[in-house]
Amino acid sequence: MENARILEERLKRIIREVSNQTGNEIKQNLLSDLEKEVATIVRQNSHQEITRFLTLLKGAIHQI
């Protein structure tokens, strides 16, 4: 009975360690994906703002 309890504790420790490692890997992957998505959004937003600015500048030049 004692051996079964020790074995169960070992298994729980192993499962907890594997779970923590897997969780950390998933977090790293999610952060990497999030970073890429944010960079894409910022690039698109910057492109839109530059286009808007140039359009306004063009209109101002035509008025002058």
Side-chain angles (χ1 to χ4, degrees):
M1 193 66 168
E2 184 68 20
N3 287 340
R5 187 179 63 75
I6 293 171
L7 180 60
E8 182 181 9
E9 288 176 14
R10 279 183 174 172
L11 286 173
K12 284 180 181 179
R13 209 173 316 128
I14 290 170
I15 290 170
R16 187 171 34 249
E17 184 176 327
V18 168
S19 177
N20 286 338
Q21 290 174 356
T22 302
N24 288 336
E25 289 176 16
I26 290 171
K27 287 177 191 175
Q28 289 174 350
N29 289 341
L30 288 175
L31 287 175
S32 176
D33 291 346
L34 179 62
E35 180 183 7
K36 289 176 186 174
E37 291 297 322
V38 168
T40 300
I41 290 169
V42 168
R43 243 188 338 271
Q44 288 173 346
N45 190 39
S46 296
H47 184 278
Q48 289 172 350
E49 288 299 317
I50 290 171
T51 303
R52 182 176 168 272
F53 171 75
L54 291 175
T55 303
L56 290 172
L57 182 61
K58 180 182 177 183
I61 291 172
H62 281 289
Q63 288 181 356
I64 295 175

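Position 1 is the first residue of the sequence, and the numbers go up from there.
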Hey, what do you get for [atom1] ([X]) to [atom2] ([Y]), rounding to the nearest 0.5 Å?
X     : Y     : atom1 : atom2 : result
Glu8  : Asn3  : CD    : CG    : 13.0 Å
Thr40 : Glu35 : OG1   : CD    : 10.5 Å
Leu34 : Lys27 : CG    : NZ    : 14.5 Å
Ile6  : Leu11 : CD1   : CG    : 12.0 Å
Asn29 : Glu25 : CG    : CD    : 7.5 Å
Glu37 : Leu30 : CD    : CG    : 11.5 Å

- Query: Just wondering, more than 12 heavy atoms not from Arg5 lying within 6.0 Å of its CZ?
  - Reply: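 Yes.
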- Enclosure of Glu49 CD (heavy-atom neighbours >12, cutoff 6.0 Å):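 Check passes, neighbour count above 12.
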- Within a strict 4.5 Å, meaning less than it, do heavy atoms of the Thr22 and Ile26 side chains meet?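 SC-SC contact between Thr22 and Ile26 confirmed.
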- If we only count heavy atoms from C-beta on, is the Gln21 to Glu17 side-chain gap below 4.5 Å?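 Yes, at least one pair of side-chain atoms sits under 4.5 Å.
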- Message: Check for me, please, whether Phe53 and Ile50 land in the same ILVMFWY cluster - side-chain distances under 4.5 Å, paths through other members count.
- Response: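 Phe53 and Ile50: one cluster.
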- Query: Is Ile14 linked to Leu7 within one hydrophobic cluster, defined over Ile, Leu, Val, Met, Phe, Trp and Tyr using a side-chain heavy-atom separation of less than 4.5 Å?
  - Reply: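 Different clusters: Ile14 never reaches Leu7 through Ile, Leu, Val, Met, Phe, Trp or Tyr contacts under 4.5 Å.
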- Side-chain (Ser46) to main-chain (Val42) donor-acceptor, under 3.5 angstrom: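 Judged by distance alone, yes, a pair lies under 3.5 Å.
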